[in-house]
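Here is the structure we will look at.
The chain is numbered in sequence order, starting from 1.
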Amino acid sequence: MNAANTSFMILSSILVLFMTPGLAFFYGGLVSKRNVVNTMLSVFVMTGVAIVLWIVIGYSLSFSGNIGGVVGNVTHFFMNGIDLTSLTATKIPTGIFAVFEMMFAIITPALFVGAVVGRIKFNFLLAFLVLWSIIIYYPMVHLVWSPHGILYGLGVLDFAGGTVVHINAGVTAFVLSAFLGKRIKFGDRPHNHYNLPWVLLGATILWIGWYGFNAGSALGVNNIAAQATITTTMSTGTAMVTWMILDMVISGKPTLVGVCTGTLCGLVGITPACGFVTIAGSFWIGMFSTFASYFFVNYLKDRIGVDDALDAFGCHGVSGIVGSIATGLFATKTVNPVVTHNGIFYGGGFYQFGIQLLATAATIVFVAIAASIIIKGLSLFMPMRVDRKEEKLGLDQGEHGEEADYTVHMSDDLDEYRSDMSLYSKEFKGQLADLKPKGPSVK
């Protein structure tokens with residue numbers, strides 16, 4: 001065992017796990033107070049469900065054996081028979097590698113929750129998660145990251161999850177939104193002052209956790225991890241500033257939601273490329289990703305008419321597609337010797353760019369078809385959408401019988417809110433509460 005690499009991978013796993021509650025705050029801050037609990041629960045519950053699924057069958061389907069270059073096998077049910085102490089190429093235990101990959105299996109389905117908040121039944125979402133993981137996610141991991149996978153064999157470059165995570169989750173979000181239909185109050189923008197601090201908190205946690213996501217994908221303490229760290233930082237900073245400038249030029253005002261959304265686009269865009277590109281390459285990827293997502297969210301989304309509530313496809317899908325394709329433009333073997341064909345801008349010709357286009361298109365088609373089949377199949381046994389009455393009431397009460405904490409109500413209903421001092425003034429006065437002055441008042 002390499003102690004430094006193993007320690008680094010344990011830390012990276014923790015950071016990636018940290019991203020899921022961060023995403024819960026990010027999404028929870030973007031919805032109306034009627035759906036805060038449902039949104040945050042729908043994201044956070046992915047941790048428990050995905051962990052159990054990964055141990056029971058996920059690791060085996062992803063990395064054990066090979067069936068047609070598409071998926072592994074189920075030989076190692078509950079990871080039985082896997083030597084968790086055997087060492088990988090970077091001298092980390094197989095058990096730690098499995099835990100690190102498990103965290104990706106948690107955050108990926110959590111991403112598409114943002115598309116369907118406020119109108120999908122919770123039990124349908126859970127059932128969909130189970131089938132989606134088995135039919136779509138584990139095969140995608142095998143195709144791209146297993147040495148036996150078809151796309152891996154073709155030479156696709158996906159350092160930390162452009163196809164496997166972001167395009168996958170983004171396209172799933174789009175398909176789910178299309179089947180669900182529009183919200184009753186489609187077009188509402190509940191970005192009020194009461195929840196924006198949660199958006200900033202969530203975006204910050206995601207950015208911090210993303211270093212485990214990207215740098216950790218080097219699977220050790222090495223120059224590639226260092227490169228992934230700096231390219232991730234550059235892309236994210238560029239994307240944040242790009243979205244803010246676009247807001248200022250087009251709408252006249254910079255917004256906190258915009259800055260946080262731009263930050264996320266930069267993180268998504270650089271994910272497939274971070275271990276393969278230079279700092280200059282990361283700058284352009286961050287900018288291109290943000291331009292694409294900004295114009296999709298603000299101009300194309302309404303024309304298409306698919307109600308992706310929190311722009312899961314607009315951010316993760318679109319920026320993931322741009323980042324995956326742009327890897328074929330900017331990848332260079334001077335950064336990572338794994339790159340056998342340089343990108344177009346580094347004299348490598350069309351080959352790598354073509355492979356990236358092929359992998360991106362294949363991911364979109366496979367996920368769209370498989371997700372549609374899962375949705376249609378599940379719809380035969382359970383309703384997908386809550387009824388109109390429950391949607392108006394809000395899923396916090398309708399699905400869970402809970403409400404977000406009092407701080408939401410305090411700031412949402414400022415005119416009605418009174419402090420504890422005014423509500424319980426007699427208690428605060430203590431023994432003097434009932435004391436009345438006797439005799440004439442003395443001035």
Side-chain angles (χ1 to χ4, degrees), residues 1-19 50-51 54-55 57-66 72-73 75-108 137-138 140-149 151-153 155-165 208-233 270-277 327 331-340:
M1 181 194 300
N2 183 302
N5 288 352
T6 303
S7 299
F8 175 68
M9 293 311 300
I10 292 173
L11 174 61
S12 295
S13 300
I14 293 169
L15 285 172
V16 180
L17 178 61
F18 191 39
M19 292 170 69
I51 286 170
W54 181 256
I55 296 296
I57 199 172
Y59 179 83
S60 188
L61 283 174
S62 299
F63 292 108
S64 174
N66 179 51
N73 56 40
T75 304
H76 300 292
F77 194 63
F78 269 96
M79 298 187 73
N80 182 46
I82 293 176
D83 183 1
L84 300 180
T85 62
S86 63
L87 299 180
T88 67
T90 54
K91 305 300 181 185
I92 64 172
T94 298
I96 297 302
F97 172 75
V99 168
F100 180 67
E101 293 296 334
M102 176 200 295
M103 300 310 168
F104 285 68
I106 294 170
I107 187 67
T108 306
Y137 183 75
Y138 304 146
M140 278 302 307
V141 173
H142 189 84
L143 281 163
V144 177
W145 287 336
S146 168
H148 305 294
L151 294 179
Y152 182 96
V156 65
L157 296 177
D158 187 353
F159 193 77
T163 53
V164 177
V165 176
I208 293 170
W210 223 286
Y211 289 109
F213 199 87
N214 282 2
S217 293
L219 302 178
V221 181
N222 51 44
N223 288 331
I224 307 303
Q227 186 72 10
T229 300
I230 194 167
T231 54
T232 297
T233 306
I270 197 60
T271 292
C274 59
F276 304 123
V277 300
T327 304
T332 169
K333 61 185 67 177
T334 59
V335 169
N336 193 330
V338 169
V339 178
T340 55

Self-check item: Atom CG of L11 with >12 non-hydrogen neighbours under 6.0 angstrom
Solution: yes
Practice problem: Kindly compute the distance separating OG1 (T163) from CH2 (W145), expressed to the nearest 0.5 Å. | Solution: 7.0 Å
Quiz item: What's the spacing between Y152 OH and L157 CG if we round to 0.5 Å?
Solution: 10.5 Å
Exercise. Using side-chain hydrogen bond (donor to acceptor under 3.5 Å, both in side chains) as the criterion, point out the one residue from T231, T233, T232 that pairs with N214.
Key: T232
Self-check item: Euclidean distance, I55 CD1 relative to F77 CZ, rounded to 0.5 Å
Solution: 12.0 Å
Quiz item: Does N80 CG have over 12 foreign heavy atoms under 6.0 Å away?
Solution: no
Quiz item: Can you find a pair of side-chain heavy atoms, one from S146 and one from N66, that are under 4.5 Å apart?
Solution: no
Quiz item: Say you draw a straight line from CD1 of I107 to CZ of F18; how long is it, rounded to the nearest 0.5 Å?
Solution: 11.5 Å
Practice problem: Specify the closest pair of heavy atoms between F159 and A228, including all atoms of both residues, with the distance to one decimal. | Solution: CE2-CB, 4.1 Å
Quiz item: Could you walk me through whether V164 and Y137 pass the side chain to side chain contact (heavy atoms under 4.5 Å, CB included) check?
Solution: CA-CA 7 Å; V164 177; Y137 183 75; 3.7 Å; yes
Quiz prompt | H76 versus S64, closest heavy-atom pair with distance | solution = CD2-OG, 2.8 Å
Self-check item: Heavy-atom side-chain contact between F97 and M9 under 4.5 Å
Solution: no
Quiz item: Just wondering, do V165 and F213 contact through their side chains at under 4.5 Å, heavy atoms?
Solution: yes
Quiz item: For G275 and V335, which heavy atoms make the closest approach, and how far apart are they?
Solution: O-CG1, 3.7 Å
Exercise. Quick one: closest heavy-atom pair of V221 and N5, and the distance?
Key: N-OD1, 2.8 Å
Quiz item: Is any side-chain heavy atom of N2 less than 4.5 Å from a side-chain heavy atom of T90?
Solution: no
Practice problem: Verify whether one side chain among S62 and W54 offers a donor that lies under 3.5 Å from an acceptor in the other. | Solution: no
Quiz item: Does N73 CG have over 12 foreign heavy atoms under 6.0 Å away?
Solution: yes
Exercise. Would you name the heavy atoms of G162 and D158 that are closest together and state the gap between them?
Key: N-OD1, 2.6 Å
Quiz item: At what distance, to the nearest 0.5 angstrom, does OG of S12 lie from CG of L17?
Solution: 12.5 Å
Practice problem: For the pair M1 and L87, evaluate side chain to side chain contact (heavy atoms under 4.5 Å, CB included) and give the outcome as yes or no after the intermediate values. | Solution: CA-CA 7 Å; M1 181 194 300; L87 299 180; 4.2 Å; yes
Quiz item: Tell me, do T85 and P93 make a side-chain contact under 4.5 Å, heavy atoms counted?
Solution: no
Exercise. Could you tell me whether the side chain of T327 reaches within less than 4.5 Å of the side chain of F276, counting heavy atoms only?
Key: yes
Self-check item: Derivation of the side chain to side chain contact (heavy atoms under 4.5 Å, CB included) call for V141 and F104
Solution: CA-CA 10 Å; V141 173; F104 285 68; over 6 Å; no
Practice problem: Could you walk me through whether T332 and V339 pass side chain to side chain contact (heavy atoms under 4.5 Å, CB included), step by step? | Solution: CA-CA 6 Å; T332 169; V339 178; 5.9 Å; no
Practice problem: May I ask you to check whether Y138 and Y59 place their ring centers less than 6.0 Å from one another? | Solution: no
Practice problem: Looking only at non-hydrogen atoms, find the nearest pair between A225 and F8 and report the distance. | Solution: CB-CZ, 4.2 Å
Practice problem: State, yes or no, whether a side-chain contact exists between H142 and L61 at a heavy-atom distance under 4.5 Å. | Solution: no
Quiz item: Atom OG1 in T94, atom CD1 in I82: separation rounded to 0.5 Å?
Solution: 8.0 Å
Quiz item: Is it true that a side-chain atom of Q227 and a backbone atom of V277 form a donor plus acceptor pair closer than 3.5 Å?
Solution: yes
